[in-house]
Number of protein chains: 2
Amino acid sequence: MTSREESAETLRRAGHRVTSAKLLVMEALRHAGDHLSATSVIDQVRRDAPHVSESTVYRTLGALRDSRLISETTFGHGEVAYEWLEERSHHHLVCSQCGAVDELSDEVVAGFAKQLSDAHGFNADLQHLAVPGICARCSRDSEAAGE
Amino acid sequence: MTSREESAETLRRAGHRVTSAKLLVMEALRHAGDHLSATSVIDQVRRDAPHVSESTVYRTLGALRDSRLISETTFGHGEVAYEWLEERSHHHLVCSQCGAVDELSDEVVAGFAKQLSDAHGFNADLQHLAVPGICARCSRDSEAAGE
DNA sequence: CCAGCAAATGCAACAACTTGCAAGAGCGAG
DNA sequence: CTCGCTCTTGCAAGTTGTTGCATTTGCTGG
């Protein structure tokens with residue numbers, strides 16, 4: 001089964017119609033294998049299909065996000081980043097100083113979610129969390145600089 | 001000392017110049033005592049001073065956020081919400097279903113931050129976290145509905 | 001009180017989305 | 001294979017927020 005056919009199958013299972021626009025967006029994200037901004041996705045899609053409108057890509061990204069096929073994350077104060085969701089959920093530590101993005105295992109986050117559930121009955125949806133802060137290296141550097 | 005004078009003093013301490021635009025933004029947020037969207041702040045400010053431009057308000061909100069005088073939070077997928085920061089840091093549980101916003105004590109979050117620090121050396125900045133998920137009531141309701 | 005520099009502002013253009021509406025296209029029923 | 005319902009899409013206009021640049025203005029040192 002080709003990647004395209006897999007995508008089509010996934011779409012159908014999620015209750016979407018199989019359209020070229022959706023397939024192109026999915027392929028772009030799958031092949032990037034990394035975070036892509038909405039703008040990058042638009043560029044990527046248009047390389048293959050210049051006629052696809054921006055609003056379609058935006059709407060598609062929203063729809064895929066709602067279906068949990070891709071994740072939508074806000075790193076700091078810039079644009080929104082989209083990523084193809086593989087099996088495991090994962091999270092990010094984003095350094096506000098140097099911009100470095102580190103991965104964070106699900107375990108710590110799951111423990112946090114459990115506490116929220118126990119204490120507040122709140123069923124947290126921490127599928128893809130971005131935690132802002134200062135990374136180890138920057139902390140060390142600013143200490144060394146006598147801060 | 002009037003509220004305005006207090007604000008001016010706070011601004012000076014944070015290294016800002018005291019301008020009417022900044023004071024108006026601060027007063028709007030202080031008196032609201034709640035989350036305000038950027039647009040609401042603009043409206044509020046313009047009620048008193050119609051000449052102040054939008055970009056000034058946006059820039060002021062950004063500057064106050066950087067100085068930790070106000071918090072900037074993204075609830076779900078809408079606009080950004082600003083809030084005057086009183087002493088204690090606090091967090092929110094946002095229900096994706098009914099939109100309810102519940103407060104979350106700092107303790108649980110502080111524990112989470114400590115884990116990040118221990119495990120990754122990452123100095124998380126969880127001054128004002130918004131956790132998406134499903135609140136207790138909606139969980140109950142959807143169970144009752146046979147979901 | 002005044003001069004001068006840097007911060008702050010207004011304006012206008014730009015970037016990043018969002019939305020209403022009419023036309024087009026999947027896909028299930030027949 | 002065809003019809004038709006409904007989901008999708010394109011387009012264009014509207015929000016929301018950002019940025020470059022020229023001008024104004026708070027503040028500090030004479």
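All values derive from a computational prediction rather than experimental measurement. Lettering of chains follows the sequences in order, A, B, ..., and the numbering in each one begins at 1.
- Axis angle, first five pairs versus last five pairs of the helix from dC1(C)-dG30(D) to dG30(C)-dC1(D): 30°, rounded to 10°.
- The shortest side-chain heavy-atom distance between Ile134(A) and Asp125(B) does not fall under the 4.5 Å cut-off.
- Using a 4.5 Å heavy-atom threshold, the side chains of His92(B) and Glu103(B) count as touching.
- Atom CG of residue Leu29(B) and atom CG of residue Leu24(B) lie 11.0 Å apart, to the nearest 0.5 angstrom.
- Near DNA chain D, meaning a heavy atom under 4.0 Å away, the residues from residues 18-46 of chain A are Thr19(A), Ala21(A), Lys22(A).
- Contact of Arg17(A) with dC27(C) (side chain to base): no donor-acceptor pair of N or O atoms is detected under 3.5 Å.
- Between the CZ atom of Phe112(B) and the CG atom of Leu129(B) there is a distance of 8.0 Å, given to the nearest 0.5 Å.
- For Glu54(A), the listed nucleotide lying nearest its side chain is dC17(C); candidates were dT19(D), dA6(C), dC17(C).
- Remark: Leu69(A) CG to Tyr82(A) OH distance equals 13.5 Å, nearest 0.5 Å.
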Got a list of protein N/O to nucleotides 28-30 of chain C N/O distances below 3.5 Å?
none

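- Distance CD (Glu72(B)) to C1' (dT18(D)): 13 Å, rounded to an integer number of Å.
- When only modelled atom types and interatomic distance are considered, His16(B) and Ser67(B) share a side-chain donor-acceptor pair under 3.5 Å.
- To the nearest angstrom, C1' of dT8(D) lies 15 Å from CG of Leu61(A).
- Of the possible polar contacts, none joining the Ser117(A) side chain to the Ala113(A) backbone as a donor-acceptor pair under 3.5 Å is found.
- Put simply, Thr60(A) has a side-chain N or O that comes within less than 4.0 Å of OP1 or OP2 on dT9(D).
- Between Ser55(B) and dG20(D) there is no side-chain N or O to OP1 or OP2 distance below 4.0 Å.
- Look at His16(A) and you won't find any side-chain N or O under 4.0 angstrom from OP1 or OP2 of dC7(D).
- Summarising the geometry, atom NZ belonging to Lys22(A) is positioned 13.0 Å from atom OG1 belonging to Thr10(A); distances are rounded to the nearest 0.5 Å.
- When His35(A), Met26(A), Glu27(A), His31(A) are each tested for a side-chain contact (heavy atoms from CB on, under 4.5 Å) with Trp84(A), only one passes: Met26(A).
- Of the side-chain N and O atoms in Thr56(B), none sit less than 4.0 angstrom from OP1 or OP2 of dT9(C).
- Summarising the geometry, atom OG1 belonging to Thr56(A) is positioned 9.5 Å from atom CD1 belonging to Ile42(A); distances are rounded to the nearest 0.5 Å.
- Applying the 4.0 Å criterion to OP1 and OP2 of dT18(D), one finds that Tyr58(B) has every side-chain N and O outside that range.
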Q: Given salt bridge (charged side-chain N to carboxylate O under 4.0 Å, His left out), test Arg47(B) with Asp43(B) step by step and report yes or no.
A: CA-CA 6 Å; Arg47(B) 202 162 302 160; Asp43(B) 289 348; 5.8 Å; no
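- A donor-acceptor contact under 3.5 Å is formed by the side chain of Arg59(B) with the base of dG10(C).
- Note: CG (Leu64(A)) to C1' (dT8(D)) measures 13 Å, nearest angstrom.
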